Amino acid sequence: TVSWFKNIKVEAEYSAGRNNSGCNIFLRTSYGTGFNVSNNRYILVDPISTDPKVEFSIPNVLSAKYNIYCVFVPGIIVDSSYALPTKVKFKLTFIRRSSGSTFVTYLNPLNNITNPYEITKMLAGTYNFEYANVIDDEYNNIAVKLEVINIVTTAEEQSGAFTRTMRIDCIIFEPVYN
């Protein structure tokens with residue numbers, strides 16, 4: 001299984017298969033910051049509404065169980081005064097029938113708050129996919145998607161306890177071998 005059941009990693013900075021609403025997306029670099037960000041790049045999700053969200057297409061998901069992670073970069077990567085956490089939930093879209101029709105489920109992690117001082121590899125949840133979504137020349141429709149949804153309330157933001165701004169490094173689907 002080690003040869004074919006591998007991690008799936010989607011870099012946030014790649015715009016192909018990425019959609020957003022309620023926000024603007026800016027590409028940022030981690031060079032010279034001391035933070036270990038994959039490919040030295042991440043996206044800044046700058047909110048323009050109360051519910052910013054970013055959706056990532058996840059290619060080549062097998063009919064198997066995965067731990068699903070989102071890796072967040074802390075605001076202090078830019079300036080120490082940006083040391084505010086954010087809160088999120090996740091929406092997972094996946095194939096659930098042999099016809100290829102998709103379904104949606106929401107993942108609400110037990111710890112859905114990012115660490116404002118270090119990189120946060122947040123476990124969105126574990127999901128056992130009934131159907132594979134392997135992409136090739138004949139079938140290039142990516143049906144598996146993970147949406148990162150900011151759930152900071154207006155009161156939380158105005159109090160200065162949280163921020164709606166998100167910095168996302170990557171999405172990881174990690175195989176579960178049991």
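Quantities reported herein were computed from a predicted structural model and do not represent experimental measurements.
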Give the table of side-chain donor-acceptor pairs shorter than 3.5 Å for residues 15-23, with sequence neighbours excluded, one pair per line with atom names and distance.
unit_1, atom_1, unit_2, atom_2, d
R18, NH1, A12, O, 2.6
N19, ND2, E55, OE1, 3.4
N20, ND2, C23, O, 2.9

All N/O donor-acceptor pairs, side-chain side in residues 46-54, below 3.5 Å, sequence neighbours left out:
unit_1, atom_1, unit_2, atom_2, d
S49, OG, D51, N, 3.3
S49, OG, D51, OD1, 3.0

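Residue Y127 forms a ring-ring contact (aromatic ring centres under 6.0 Å, His included) with just one option from Y66, F94, Y106, F103, and that option is F94. Of the residues V144, I95, T102, the one that meets the side-chain contact (heavy atoms from CB on, under 4.5 Å) test with Y131 is I95. Checking each of T114, T120, N150 against T86 for a side-chain hydrogen bond (donor to acceptor under 3.5 Å, both in side chains) leaves exactly one that passes, namely N150.
F129 and L62 make their closest contact through CB-O, 3.7 Å (heavy atoms, listed as atom of the first residue, atom of the second, distance). Between I142 and S57, the shortest heavy-atom distance links the atoms CG2-CB, 3.6 Å.
Applying the salt bridge (Lys or Arg N to Asp or Glu O under 4.0 Å) definition to pairs two or more places apart or across chains, none involves residues 21-33.
Listed for the T126 side chain is no donor-acceptor partner under 3.5 Å among the backbone atoms of N67. Remark: the backbone N or O of S81 is paired with a side-chain donor or acceptor of D79 at under 3.5 angstrom.
Legend: residues meeting side-chain hydrogen bond (donor to acceptor under 3.5 Å, both in side chains) with R167, ordered by chain and number and at least two apart, are absent. Here E118 pairs with nothing under the side-chain hydrogen bond (donor to acceptor under 3.5 Å, both in side chains) rule; sequence neighbours left out. The side-chain contact (heavy atoms from CB on, under 4.5 Å) search around F162 returns P85, K87, I113, V152, E156, not counting sequence neighbours.
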